[in-house]
Visitor: 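One structure coming up, written as structure tokens, with questions to follow.
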There are 2 protein chains.
Amino acid sequence: MEYDVYIQTCPTRLVLDRLADKWAVLVLGKLDEQPVRFNQLKREIDGISQKVLSQVLKKLERDGLVSRSVYATVPVTVEYAITPLGRTLTSTVAALTRWAEDNIEAVLEAQQKYDRSA
Amino acid sequence: MEYDVYIQTCPTRLVLDRLADKWAVLVLGKLDEQPVRFNQLKREIDGISQKVLSQVLKKLERDGLVSRSVYATVPVTVEYAITPLGRTLTSTVAALTRWAEDNIEAVLEAQQKYDRSA
DNA sequence: CAATATGGTTTCATTTTGATACTAAGGAGC
DNA sequence: GCTCCTTAGTATCAAAATGAAACCATATTG
């Protein structure tokens, strides 16, 4: 197989575009812990809008990374969970958020140095 | 320090937003192999525009992940290279592209299944 | 009878992105 | 000496994505 993300028309490019997204990373990170309902996700991912959360979940579901279950309660309950395929990805996206948290101070320092010299 | 990417105003959120980006991932992946010049990057990252490449490189440089060296040749040579800080990140972003290449078929299958049932 | 909760969709203004053209400086070919 | 090519970008403008807010149906609570 000749898949290569560096070729624009390669389908892997579309997948990378989906995953290399701030909101997708945060959603997958939350679902990795446990299944979560729509509004709970919205509350836990500070700053995400309903529209974007809805769109991200729909795309992740379409890609087979997330499953959606509806329960006929009142009001309706919709629970999102990670799939086995999605589970193979979570350690990678978790590494991204961990890197950000571990190296934020070095990054901020570099930014200040850059801004002073400019 | 209480850094948490799930808080909107946390500086780590800005870093995640920078890294969780298709173009940044592809640029870092190329620079991980060796220093590369501007137009060579543009040629190797199929589909990137000059403007976006320029912006991404500038931000990565500001964050201390990439260094920029200018040589007074004719025409001028500008070489971009990964920094030690950037080097601590490349294995993570490489894992992202590798996941995309390894799991693309499962994703495409999930998409077809989803589209058929809709 | 109004307020709150569920999980969304719709609308519209603002941002971001991408495609294209343009810059300047020098070398190569004719 | 004229034209084209290369370098590494910036400027411009249309198109697409995003974000904030309002709206929807349903049903329970106060």
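Just so it is clear: chains get the letters A, B, ... in the order the sequence lines come, proteins before strands, and each one is counted from 1.
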Visitor: Would A:Arg68 and A:Tyr80 count as having a side-chain donor-acceptor pair, cut-off 3.5 Å?
Guide: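 Per modelled atom types, A:Arg68 and A:Tyr80 side chains form a pair under 3.5 Å.
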
Visitor: Check whether any side-chain nitrogen or oxygen of B:Trp23 sits under 4.0 Å from OP1 or OP2 of C:dG18, and answer yes or no.
Guide: yes

Visitor: Take the protein atom CD of B:Glu79 and the nucleotide atom P of D:dG9, then report the distance between them rounded to whole Å.
Guide: 12 Å

Visitor: Is it the case that atom CD in A:Gln40 sees more than 12 heavy atoms from other parts of the structure closer than 6.0 Å?
Guide: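 Above 12, so yes.
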
Visitor: Is it true that a side-chain atom of A:Ser67 and a backbone atom of A:Thr83 form a donor plus acceptor pair closer than 3.5 Å?
Guide: no

Visitor: Please determine if a side-chain N or O atom of B:Tyr80 lies less than 4.0 Å away from the OP1 or OP2 oxygen of D:dG9.
Guide: yes

Visitor: Starting at the 5' end of DNA chain D, which residue's closest nucleotide do you reach first, A:Val74 or A:Asp21?
Guide: A:Asp21

Visitor: In Å and rounded to the nearest 0.5 Å, what is the OH to CD distance from B:Tyr71 to B:Glu79?
Guide: 5.0 Å

Visitor: I'd like to know if the side chain of A:Asp46 and the backbone of B:Ile7 have a donor-acceptor N/O pair within less than 3.5 Å.
Guide: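 Judged by distance alone, no pair lies under 3.5 Å.
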
Visitor: Residues from residues 37-62 of chain B sitting under 4.0 Å of DNA chain C, heavy atoms only?
Guide: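 Contacting residues: B:Gln50, B:Lys51, B:Val52.
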
Visitor: For A:Lys22 and D:dA17, what is the distance between atoms NZ and P respectively, to the nearest whole Å?
Guide: 16 Å

Visitor: If we ignore hydrogens and angles and just use 3.5 Å, is the side chain of B:Asp63 paired with the main-chain N or O of B:Leu65 as donor and acceptor?
Guide: no

